[in-house]
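Quick note: numbers below take in every heavy atom, side chains included, and nothing from hydrogens, waters or symmetry partners. Small disclaimer: the values here were computed from a predicted structure and weren't measured.
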Amino acid sequence: VSAPVAPSPVPTPGLAKRMKKSKQPLQVTKDLGRWKPADDLLLINAVLQVPPGGAAPGGLPGAAGPAPHSLPFQTNDLSSVHLGVKFSCRFNLREIQERWYALLYDPIISKLACQAMRQLHPEAIAAIQSKVLFSKAEEQLLNKVGSTSQPTLDTFQELLHKHPDVFYPSRTAKALQLHWQLMKQYYLLEDQT
């Protein structure tokens, strides 16, 4: 009778691969918990609003937007989104990049995120869309309103009507006025330089 062989403390290569694979779903589950549907919608809208060259998208179909992989105005400017958008959690740039690519290329995460975004209340969607960063093209148009003028809401409403292809679809005259006032406060208007 031979003595039993003690198990090896080093896992076999096949077991190590299975252990690595089993860790991946945990990361997906962890991300699903941190990323709320509102964060996903905000990320999608923010990325679409900051396209290369500053040209704004003409509009997004659907209440919560289409599936991320079918969106026409994609950009790699995730660092601007990281710096300018306030999410429900403090995501670092790497987490934002990983989530964006997961929404684009991971069919499971994309499907779950889209289902969750469709469940958002229309008022929540409107609140999220109001947080979208202003594009360079939008700011260039606001820049033309002089700092010494006393523009009214009608001034900004006229801008919206003249340039519907530039302004984000959910922008209001009041939102434009508030952003113009911020630009004026920080001396960012054309006639202030």
(request) Go through the steps to decide whether I96 and W35 satisfy the test side chain to side chain contact (heavy atoms under 4.5 Å, CB included), and finish with yes or no. (result) CA-CA 10 Å; I96 290 171; W35 284 90; 4.1 Å; yes
(message) Go through it in stages, so that I can follow the logic: the residues are L189 and W180, the test is side chain to side chain contact (heavy atoms under 4.5 Å, CB included), and I'd like the CA-CA distance, side-chain angles, deciding distance and then a yes or no.
(response) CA-CA 8 Å; L189 297 176; W180 177 85; 3.5 Å; yes
(request) Go through the steps for L83 and L93 under the test side chain to side chain contact (heavy atoms under 4.5 Å, CB included), then give the verdict. (result) CA-CA 9 Å; L83 293 172; L93 179 58; over 6 Å; no
(message) Run the side chain to side chain contact (heavy atoms under 4.5 Å, CB included) test on F134 and Y168 for me, step by step, so that the C-alpha distance in whole Å, both residues' side-chain angles and the decisive distance to 0.1 Å come before the verdict.
(response) CA-CA 8 Å; F134 276 75; Y168 190 72; over 6 Å; no
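The nearest pair of heavy atoms linking V81 to L43 is CG1-CD1, 4.0 Å. When all heavy atoms are compared, the tightest approach of S88 to D39 is OG-OD2, 2.5 Å. The shortest heavy-atom contact between V47 and L78 is CG2-CD2, 3.3 Å. Residues L142 and H179 approach most closely at CD1-CD2, 3.7 Å, considering heavy atoms. Contact record, P151 with S149: CD-O, 3.1 Å, taken as the closest heavy-atom pair. Smallest separation of non-hydrogen atoms from A113 and D40: CB-OD2, 3.5 Å.
Of the possible donor and acceptor atoms, none in the side chain of D191 sits under 3.5 Å from a partner among the backbone N and O of G146. Using a distance-only test at 3.5 Å, with no hydrogens or angles considered, no donor-acceptor pair links the side chain of Q177 to the main chain of T152.
V145 places none of its side-chain heavy atoms less than 4.5 Å from the side chain of E190. A heavy-atom distance below 4.5 Å is found between the side chains of I125 and L41. When side chains are defined from C-beta on, M117 counts as touching I44, because their heavy atoms get closer than 4.5 Å. At least one side-chain heavy atom of L176 sits under 4.5 Å from a side-chain heavy atom of F167. With contacts defined as side-chain heavy-atom distances shorter than 4.5 Å, the pair E95/H82 does not qualify. Side-chain contact between R171 and F156 is absent, with no heavy atoms from C-beta onward closer than 4.5 Å. The shortest side-chain heavy-atom distance between L178 and Q181 falls under the 4.5 Å cut-off.
Separating the CG atom in L133 from the CG atom in N45 is a distance of 10.5 Å, to the nearest 0.5 Å. Remark: C89 SG to K36 NZ distance equals 5.5 Å, nearest 0.5 Å. Atom-to-atom distance recorded for Q192:CD and S147:OG is 4.5 Å, nearest 0.5 angstrom. With rounding to the nearest 0.5 angstrom, the OG atom of S130 is 9.0 Å from the CG atom of L42. For the atom pair S80 OG and K136 NZ, the distance stands at 7.5 Å (nearest 0.5 Å).
Using modelled atom types and a 3.5 Å distance limit, the side chains of H163 and E138 yield no donor-acceptor pair. The closest side-chain donor-acceptor pair between D106 and Y101, if any, does not fall under 3.5 angstrom.
Note on M183 and L153: separate hydrophobic clusters, where clusters join Ile, Leu, Val, Met, Phe, Trp and Tyr whose side-chain heavy atoms are under 4.5 Å apart, directly or indirectly.
Using a 4.0 Å cut-off between charged side-chain N and carboxylate O, E158 and K162 make a salt bridge.
Remark: E123 CD is loosely packed, at most 12 non-hydrogen atoms of other residues, nucleotides or ligands lying under 6.0 Å away. Within 6.0 Å of NZ in K131 there are 12 or fewer heavy atoms belonging to other residues, nucleotides or ligands.
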